[in-house]
Amino acid sequence: SLANAREMSDKALGVMRDNMTMLAERDSKLHELQDKSVAFQSTSQKFQRSTVTLGWKTRWQQYRLYAWISALVVWGTLLLIFRHHLLPYLIISSA
C-alpha cells in the first residue's frame, strides 16, 4: 500500500512537472506574441504617419495643378482680351 501511494504521488508529481513545463512554454509564447504585437503596433503607427504625409503631398500636387491650370486660363483669357494691344506693346517695350 505504501508502494502504491508512492507510485501515485510520483505520477501526480510527474503530471505537475509536465504542467509547470507547459505553463513556462505558454508564458514564453505569450511574451513572444506580446513583443510581436508591440512591433506590429509600432509599424502600423509609422505606416499611418506615412499615409497621412503621402495624402498631404498628393493633395498639394493637385492644388498646384489646379493653380497652374487656373493661371493658364487667366493668361489665355487676358491674351484674347488684349490681343489688339499686344503688338503695339511689344513694339514700344522693345524700343
Side-chain angles (χ1 to χ4, degrees):
S1 171
L2 184 62
N4 192 14
R6 184 170 290 195
E7 183 181 328
M8 288 177 63
S9 73
D10 286 343
K11 284 182 184 179
L13 282 174
V15 168
M16 286 176 53
R17 285 187 187 114
D18 290 343
N19 286 341
M20 293 296 285
T21 303
M22 289 184 345
L23 185 64
E25 288 174 1
R26 182 177 178 207
D27 186 52
S28 69
K29 287 180 183 179
L30 284 174
H31 283 295
E32 288 176 16
L33 190 60
Q34 185 177 10
D35 292 342
K36 287 179 183 179
S37 173
V38 168
F40 282 138
Q41 183 178 9
S42 173
T43 303
S44 73
Q45 287 173 348
K46 288 178 186 176
F47 180 75
Q48 183 181 12
R49 282 192 297 264
S50 66
T51 302
V52 169
T53 303
L54 183 62
W56 279 107
K57 286 181 180 179
T58 304
R59 206 169 297 130
W60 173 243
Q61 284 180 349
Q62 283 181 329
Y63 292 153
R64 274 194 338 202
L65 177 65
Y66 294 150
W68 274 105
I69 290 172
S70 300
L72 285 175
V73 167
V74 168
W75 181 79
T77 304
L78 291 175
L79 186 65
L80 284 174
I81 292 172
F82 296 110
R83 70 181 178 268
H84 301 293
H85 303 287
L86 184 62
L87 187 59
Y89 173 75
L90 292 174
I91 291 172
I92 291 171
S93 65
S94 65

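Note that the coordinates shown come from a computational prediction; the quantities given were computed from them, not determined experimentally. Numbers here are sequence positions counted from 1.
- Rounded to the nearest 0.5 angstrom, S93 OG and L86 CG are separated by 9.0 Å.
- Taking Ile, Leu, Val, Met, Phe, Trp and Tyr as members and joining any whose side-chain heavy atoms lie under 4.5 Å apart, directly or through other members, the hydrophobic cluster of I69 also contains L65, V73.
- Evaluation of the salt bridge (Lys or Arg N to Asp or Glu O under 4.0 Å) test over residues 2-29, restricted to residues two or more places apart or in two chains, returns E7-K11.
- The hydrophobic cluster around V74 extends to L78, I81, F82, counting ILVMFWY residues whose side-chain heavy atoms fall within less than 4.5 Å of a member.
- Side-chain contact between M8 and N4: present, with at least one pair of heavy atoms (C-beta onward) separated by less than 4.5 Å.
- L33 is linked by a side-chain contact (heavy atoms from CB on, under 4.5 Å) to nothing, counting only residues two or more places apart in sequence or in another chain.
- The stretch residues 44-62 participates, sequence neighbours left out, in no side chain to side chain donor-acceptor pair (under 3.5 Å) pair at all.
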